[in-house]
Amino acid sequence: MSVYSLNGRKALVTGANTGIGQAIAVSLAREGASVVCAGRRACDETVGTITQAGGNASSLLVDFADPMAGQGLFDGEGYDILVNNAGIIRRADAVEFSEADWDDVMDVNLKALFFTTQAFAKSVFASGGKGAVVNVASLLSFQGGIRVPSYTASKHGVAGLTKLLANEWAAKGINVNAVAPGYVDTNNTEALRADPERNRAILDRIPAGRWGAPEDIAGPVAYLCSPAAAYIHGAVLNVDGGWLAR
Ligand code: NAP
């Protein structure tokens with residue numbers, strides 16, 4: 001079997017109804033994993049794409065606006081892969097940024113990610129198995145950004161937690177890593193593409209000369225879940241068309 005194969009593995013992908021999460025679910029299924037697509041809306045399109053291609057997938061309604069929504073999700077279910085992809089962004093000048101826009105983003109992007117991952121690890125440790133966690137970080141895990149204070153704080157937090165959890169669990173059978181996508185064409189970045197000046201400035205700085213597609217992120221995530229990445233712990237892999245190299 002290929003070292004990239006996910007045959008026989010069971011994965012949960014959060015926010016799998018659209019964008020990067022959808023592409024990740026499709027990619028994991030293509031490598032042989034059975035994929036549970038978790039979202040606050042049904043992931044019917046994603047499940048349809050996977051099953052039509054002969055893969056195995058189902059949809060699960062979970063709203064991570066409740067940071068403890070992941071409790072009990074994994075117990076006895078045989079999961080060995082978790083991809084924390086669900087995320088939101090709010091834009092406003094820092095001087096006017098509201099508490100609600102702070103709390104909503106931190107709850108979904110950081111607090112839910114931590115407690116969902118904790119629940120996953122408890123179930124893996126209880127079963128005596130092994131596991132892989134991939135968190136979806138951001139360029140704003142490294143850079144400051146502008147007008148997105150809670151998003152930047154949350155994604156810096158995701159990079160930090162990725163390393164902390166890797167330190168605690170590397171010897172216990174769970175690989176924890178992250179990908180840091182660059183500018184990817186999804187709902188999350190619609191406002192940027194709609195602004196011709198921002199769009200041009202962004203494109204001018206990307207060595208690859210184009211926005212990323214969700215599939216550009218999905219392959220590296222599948223790799224980090226695979227046996228080929230067994231000795232990778234605590235990495236935050238930039239998948240950004242070269243943005244951070246510049
Ligand atoms: P997207 O199309 O808006 O996808 C975000 C996903 O998260 C959607 O499935 C969304 O569901 C889900 N979600 C949001 N709040 C949720 C909640 N409370 N409970 C459950 N699911 C929830 O944007 P995307 O670009 O694919 O974003 C995916 C991840 O990539 C995010 O973590 C984002 O921060 C990260 N990222 C994106 C970029 C980029 O350029 N696009 C760059 C760096 C990092 P709904 O469809 O119901 O809203």
Side-chain angles (χ1 to χ4, degrees), residues 12-27 35-47 59-70 73 82-91 100-101 103-117 133-145 148-159 161-162 178-195 198-199 202-203 205-206 208 210-218 220-221 236-241 243-244:
L12 186 131
V13 180
T14 72
N17 58 302
T18 184
I20 294 171
Q22 181 173 59
I24 291 171
V26 169
S27 164
V35 183
V36 175
C37 303
R40 59 181 166 180
R41 293 184 286 135
C43 299
D44 296 339
E45 191 181 279
T46 312
V47 170
S59 178
L60 184 68
L61 281 178
V62 192
D63 187 347
F64 292 103
D66 170 6
M68 306 311 280
L73 270 191
L82 168 65
V83 180
N84 288 304
N85 163 81
I88 57 174
I89 191 163
R90 299 276 167 79
R91 298 176 200 279
D101 281 345
D103 288 343
D104 291 353
V105 171
M106 294 300 269
D107 278 355
V108 175
N109 293 12
L110 190 59
K111 190 169 175 182
L113 178 144
F114 175 74
F115 284 104
T116 303
T117 307
V133 175
V134 179
N135 297 322
V136 178
S138 168
L139 293 178
L140 299 191
S141 298
F142 310 106
Q143 301 183 304
V148 287
S150 54
Y151 187 83
T152 299
S154 71
K155 293 297 184 178
H156 272 66
V158 168
L161 280 181
T162 299
V179 290
Y183 286 87
V184 183
D185 184 347
T186 67
N187 299 335
N188 177 296
T189 49
E190 218 169 82
L192 297 177
R193 279 188 312 284
D195 177 342
R198 280 303 299 281
N199 190 39
I202 287 166
L203 276 176
R205 203 202 133 144
I206 301 174
R210 63 170 177 87
W211 282 73
E215 294 70 28
D216 290 321
I217 312 305
V221 172
V236 184
L237 175 61
N238 310 328
V239 188
D240 62 357
W243 176 279
L244 283 178

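Indexing begins at 1, ligand by ligand and atom by atom, following the structure's order.
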- Query: Can Leu139 and Tyr183 be said to form a side chain to side chain contact (heavy atoms under 4.5 Å, CB included), step by step?
  - Reply: CA-CA 8 Å; Leu139 293 178; Tyr183 286 87; 3.6 Å; yes
Is [X] in polar range of ligand 1, meaning some N or O pair under 3.5 Å apart?
X: Gly39; answer: no
X: Asn85; answer: yes
X: Val184; answer: yes
X: Pro181; answer: no
X: Ile20; answer: yes
X: Arg41; answer: yes

How far is [atom] from its nearest protein heavy atom, and which residue and atom name does that atom have?
atom: atom 9 (O) of ligand 1; answer: Asn17 OD1, 2.5 Å
atom: atom 12 (C) of ligand 1; answer: Gly15 CA, 3.8 Å
atom: atom 25 (O) of ligand 1; answer: Thr186 OG1, 2.5 Å
atom: atom 38 (C) of ligand 1; answer: Gly182 O, 3.9 Å
atom: atom 23 (O) of ligand 1; answer: Asn188 CB, 3.2 Å
atom: atom 4 (O) of ligand 1; answer: Thr18 CG2, 3.8 Å
atom: atom 5 (C) of ligand 1; answer: Gly87 O, 3.6 Å

Do the non-hydrogen side-chain atoms of [X] and [Y] ever get within less than 4.5 Å of each other?
X: Asp216; Y: Arg210; answer: yes
X: Val133; Y: Asn84; answer: yes
X: Thr14; Y: Val62; answer: no
X: Ile88; Y: Asn109; answer: yes

Going by the atom numbers of ligand 1, which of them fall below 4.0 Å from some non-hydrogen atom of [X]?
X: Thr189; answer: 39 (C), 40 (O), 41 (N)
X: Ser138; answer: 43 (C), 44 (C)
X: Tyr183; answer: 40 (O)
X: Gly19; answer: 2 (O), 26 (O)
X: Ala137; answer: 43 (C), 44 (C)
X: Asn187; answer: 2 (O), 3 (O)
X: Val62; answer: 19 (N), 20 (C)
X: Ala86; answer: 7 (O), 13 (N), 21 (N), 22 (C), 32 (O)

Take every heavy atom of [X], measure it against each atom of ligand 1, and state whether any distance is under 4.0 Å.
X: Lys155; answer: yes
X: Thr14; answer: no
X: Tyr151; answer: yes
X: Asn109; answer: no
X: Ala112; answer: no
X: Ala69; answer: no

- How close do Ile217 and Pro181 get, heavy atom to heavy atom, and via which atoms? CD1-CB, 3.6 Å
- Message: If you compare all heavy atoms of Ala100 against all heavy atoms of Arg90, which two are closest, and at what distance to 0.1 Å?
- Response: O-NH1, 4.1 Å
Is the backbone N or O of [Y] less than 3.5 Å from a side-chain atom of [X], with the two atoms forming a donor-acceptor pair by type?
X: Thr189; Y: Val184; answer: yes
X: Ser150; Y: Met106; answer: no
X: Thr152; Y: Val148; answer: yes
X: Lys155; Y: Val136; answer: yes
X: Asp107; Y: Asp104; answer: no

- Would Leu60 and Leu73 count as a side chain to side chain contact (heavy atoms under 4.5 Å, CB included) if you check the C-alpha gap in whole Å, the side-chain angles of each, and the deciding distance to 0.1 Å? CA-CA 10 Å; Leu60 184 68; Leu73 270 191; 3.7 Å; yes
- Give a yes or no on whether Arg205 atom CZ has more than 12 heavy-atom contacts from other residues, nucleotides or ligands under 6.0 Å away. yes
- Item | Within 6.0 Å of CD in Glu45, more than 12 heavy atoms from elsewhere | no
Heavy-atom distances under 4.0 Å decide this one: backbone, side chain, both or neither, for [X] against ligand 1?
X: Ile88; result: side chain
X: Arg40; result: both
X: Asp63; result: both
X: Phe64; result: both

- Message: Measuring from atom 30 (O) of ligand 1, which candidate in Leu61, Leu192, Val83, Val136 has the nearest non-hydrogen atom?
- Response: Val136
- Task: Answer with yes or no whether the side chains of Trp211 and Asn199 bring together a donor and an acceptor at under 3.5 Å.
- Result: yes
- Query: Does the side chain to side chain contact (heavy atoms under 4.5 Å, CB included) test come out yes or no for Val134 and Ile24, once each step is laid out?
  - Reply: CA-CA 11 Å; Val134 179; Ile24 291 171; over 6 Å; no
- Message: Let's go through Leu192 and Arg91 carefully: what are the C-alpha distance in whole Å and the side-chain angles of both, what is the deciding distance for side chain to side chain contact (heavy atoms under 4.5 Å, CB included) to 0.1 Å, and is it a yes or a no?
- Response: CA-CA 11 Å; Leu192 297 177; Arg91 298 176 200 279; 4.0 Å; yes
